[in-house]
Structures are given as C-alpha cells and as structure tokens.
> 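One structure follows; several queries about it will come next.
Only heavy atoms go into these numbers, but all of them, side chains included; no hydrogens, no water, no symmetry mates.
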Amino acid sequence: MPVFQFEYEEFQSQDELRPSFQELLTAARNACQHAHAPYSHFFVGSAVLMKNGCIVTGFNIENASYPVGICAERTALASAIAQFPEDQIEAIAISYQSEIHPSDRPAFPCGMCRQFISECEDRNQEAFPLILAGEIGPVVVVKTIKNLLPFYFGGKDLSE
Ligand code: THU
C-alpha cells in the first residue's frame, strides 16, 4: 500500500535555528502585536523572507462579518508578492499569541492557507520552508507546504 511520509525538523528553541531564520521568526512574533483579532483573540503573525533579503510581515485581520477575515500567512504572502513580484520567496515564519490558548507550541496553517501557500510555492518555482512556533517552546521547520497538503489541487489540474 502506498504510504505518505515526510521529514521535518524540530528545534527546542529559536536559538538553534540558523541566524536568518531566527530573525524571520522574531519578525513573525513581533507582527502578532499588530493583528486585528477582536473576535478570536488569537493573534497570528507571519514574516516572509525574500531572496533579496527583505522581510515582509503580515497578521490576521478579522472582520465583524467573520468569513471576511484573512489569516496572517495570506496577508504576509500577498503583501510580499505585491511588493516584490519579480523576486522569489526564501522562507516563511508563522507564530501566534493568545491569552486564552497556550502559545507554547506551533500552530499549523489552516486548510485555506495551505492551499494558498501551495499556489505561492508553485508560482515561486522553488519550494520554500515554513518555520512554525508559538510564543515560546519548540520550533518546527517543514521543507515544503506540499508535505502539509498531500494530493494537493493546483494549476496542473486545470492545464489542458
Ligand atoms: N489564523 C491565522 O491567521 N492563520 C492560521 O493558519 C490559522 C488561523 C487566524 C484566523 C482567525 O483570525 C484566528 O486565527 C482564529 O482562527
């Protein structure tokens, strides 16, 4: 029977990451402070590292009409692609803060964000890692969104 397996890295703390990823995770953690999350009180921050060295941040922006809200990863990625449409993405970090829910472990991207990140990766023509962590605690690094979205639907399915 076919089996889907993937490898991921788990670090005990941010200090064990390479310096550029440490800086990226710090940017994601700082971005949580700007989240507009008056309904869930779940403050998510994200930071995208471009090949040119720039870091673009984003955060969740909720709406009184709940489904209108947007997640942090999509805010950051849309902003990064809009600002640097010719450049490639090197990595993305995602973190969160919440007084209601413990933030001592990573929260993984929601299904809609996985689909969105997958398209960004295809557009990027190169896989990029996801660095996931809570406010404190272990940091998980996943090499490609495709590991979190097996059997994904993408542009390949719409080609003639
Ligand atoms: N959220 C994100 O920003 N990213 C995720 O991957 C999971 C969920 C946001 C959406 C909503 O504003 C809040 O977290 C609670 O679901």
Side-chain angles (χ1 to χ4, degrees), residues 1-11 14 16-29 31-32 34-37 40 42-63 65-96 105-134 138-160:
M1 205 181 286
V3 175
F4 178 80
Q5 283 184 320
F6 72 95
E7 289 179 355
Y8 63 93
E9 293 175 287
E10 184 164 330
F11 300 92
Q14 179 171 359
E16 294 171 28
L17 296 172
R18 67 174 88 153
S20 62
F21 285 7
Q22 286 187 34
E23 192 191 348
L24 193 64
L25 182 52
T26 297
R29 283 175 164 153
C32 295
H34 302 291
H36 176 68
S40 72
F42 194 78
F43 301 86
V44 188
S46 179
V48 176
L49 174 64
M50 305 303 298
K51 291 247 167 158
N52 65 14
C54 289
I55 290 178
V56 180
T57 56
F59 35 80
N60 52 334
I61 305 172
E62 296 182 349
N63 192 284
S65 176
Y66 292 179
V68 177
I70 182 168
C71 291
E73 303 87 311
R74 278 180 286 141
T75 313
L77 283 164
S79 184
I81 291 170
Q83 286 184 56
F84 301 108
E86 309 287 352
D87 199 15
Q88 277 182 300
I89 294 163
E90 177 94 17
I92 182 170
I94 306 161
S95 188
Y96 67 100
R105 58 195 140 86
F108 287 80
C110 76
M112 193 184 276
C113 284
R114 291 180 197 209
Q115 181 69 27
F116 189 91
I117 299 168
S118 172
E119 184 88 18
C120 292
E121 189 180 80
D122 288 348
R123 181 186 179 279
N124 207 49
Q125 294 184 315
E126 197 179 295
F128 56 83
L130 294 94
I131 301 146
L132 306 154
V139 182
V140 168
V141 179
V142 179
K143 274 201 180 84
T144 164
I145 190 65
K146 300 304 189 282
N147 285 340
L148 301 182
L149 194 67
F151 303 108
Y152 68 97
F153 181 80
K156 62 180 173 9
D157 298 301
L158 300 177
S159 60
E160 286 171 21

> To the nearest 0.5 Å, how far apart are CD1 in I131 and CZ in R18?
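It comes to 7.5 Å.
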
> Tell me the closest heavy-atom pair linking S40 and E62, and the distance in Å.
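So the minimum-distance heavy-atom pair works out to OG-OE2, 2.5 Å.
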
> Using a cut-off of 6.0 Å, state whether more than 12 heavy atoms not belonging to Q115 lie near its atom CD.
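Check passes, neighbour count above 12.
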
> Output, in order, the C-alpha distance, side-chain angles, deciding distance and verdict of side-chain contact (heavy atoms from CB on, under 4.5 Å) for F84 and N52.
CA-CA 9 Å; F84 301 108; N52 65 14; 3.4 Å; yes

> Of the non-hydrogen atoms in D157 and Y152, which two are nearest, and what is the gap between them?
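Distance-wise, the nearest heavy atoms are OD2-O, 3.9 Å.
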
> Please step through side-chain contact (heavy atoms from CB on, under 4.5 Å) for the pair F4 and N147, ending with a clear verdict.
CA-CA 9 Å; F4 178 80; N147 285 340; 4.1 Å; yes

> Is V142 close to F6 at the side-chain level, that is, under 4.5 Å between some pair of heavy atoms?
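Counting from C-beta outward, F6 and V142 do come under 4.5 Å.
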
> Check R29 against G134 and note the closest heavy-atom contact, atom names and distance.
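Result for this residue pair: NH2-O, 2.9 Å.
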
> Check whether any side-chain N or O of N60 sits under 3.5 Å from a backbone N or O of G69 as a donor-acceptor pair, and report yes or no.
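No; zero donor-acceptor contacts below 3.5 Å.
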
> Enter the distance from Q22:CD to L25:CG here, rounded to the nearest 0.5 Å.
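Going from the CD atom of Q22 to the CG atom of L25 covers 8.5 Å.
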
> Is the CZ atom of F108 crowded by more than 12 outside heavy atoms at less than 6.0 Å?
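Above 12, so yes.
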
> If you define the side chain from C-beta out and look only at heavy atoms, does anything of E16 sit under 4.5 Å from V139?
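No - every pair of side-chain heavy atoms lies 4.5 Å or more apart.
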
> Measuring from M50:CE to E86:CD, what's the distance to the nearest 0.5 Å?
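These two atoms lie 10.5 Å from each other.
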
> Kindly compute the distance separating CD1 (I145) from CD (E119), expressed to the nearest 0.5 Å.
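I145 CD1 to E119 CD: 12.5 Å, rounded to 0.5 Å.
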
> Any chance you could measure I81, atom CD1, to I89, atom CD1, to the nearest 0.5 Å?
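That separation rounds to 4.5 Å.
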
> Give a yes or no on this: more than 12 heavy atoms of other residues, nucleotides or ligands lie within 6.0 Å of atom CZ of R105.
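Open.
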
> State, to 0.1 Å, how close E90 and P129 come at their nearest heavy-atom pair, and which atoms those are.
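Residues E90 and P129, closest heavy atoms: O-CD, 3.1 Å.
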
> Indicate yes or no: at least one non-hydrogen side-chain atom of P109 is less than 4.5 angstrom from one of L132.
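Of all side-chain heavy-atom pairs linking L132 with P109, at least one is under 4.5 Å.
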
> When you measure from the side chain of S79 to the backbone of A76, do you find a donor-acceptor pair of N or O atoms at a distance under 3.5 Å?
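Answer holds: no.
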
> So, taking the atom named CD in Q88 and the one named CZ in R123, what distance separates them when rounded to the nearest 0.5 Å?
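Rounded to the nearest 0.5 Å, the CD-CZ separation comes out at 9.5 Å.
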
> Show the nearest heavy-atom pair for residues A37 and F42, with the distance to one decimal.
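Of all heavy-atom pairs spanning A37 and F42, the closest is CB-O, 3.5 Å.
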
> What class does the angle between the rings of H34 and F59 fall in, given that below 30° is parallel, 30 to 60° is tilted and above 60° is perpendicular?
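Tilted.
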
> Atom NZ of residue position K51 - does it have more than 12 heavy atoms of other residues, nucleotides or ligands inside 6.0 Å?
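Yes, NZ of K51 has more than 12 neighbouring heavy atoms, counting only those of other groups under 6.0 Å.
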
> Test side-chain contact (heavy atoms from CB on, under 4.5 Å) on L148 and I117; report intermediate values, then the result.
CA-CA 10 Å; L148 301 182; I117 299 168; over 6 Å; no

> Restricting to non-hydrogen atoms, name the atom on L24 and the atom on V48 that form the minimum distance, rounded to 0.1 Å.
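Closest pair (atom of L24, atom of V48, distance): CD1-C, 3.8 Å.
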
> Check the pair S46, I92 against side-chain contact (heavy atoms from CB on, under 4.5 Å), reporting the backbone distance first and the verdict last.
CA-CA 7 Å; S46 179; I92 182 170; 3.5 Å; yes

> Would you indicate whether the side-chain heavy atoms of E73 and F116 approach each other to under 4.5 Å?
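With C-beta onward as the side chain, the pair stays apart.
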
> C71 versus V44: any side-chain heavy-atom pair under 4.5 Å?
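They are not in side-chain contact.
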
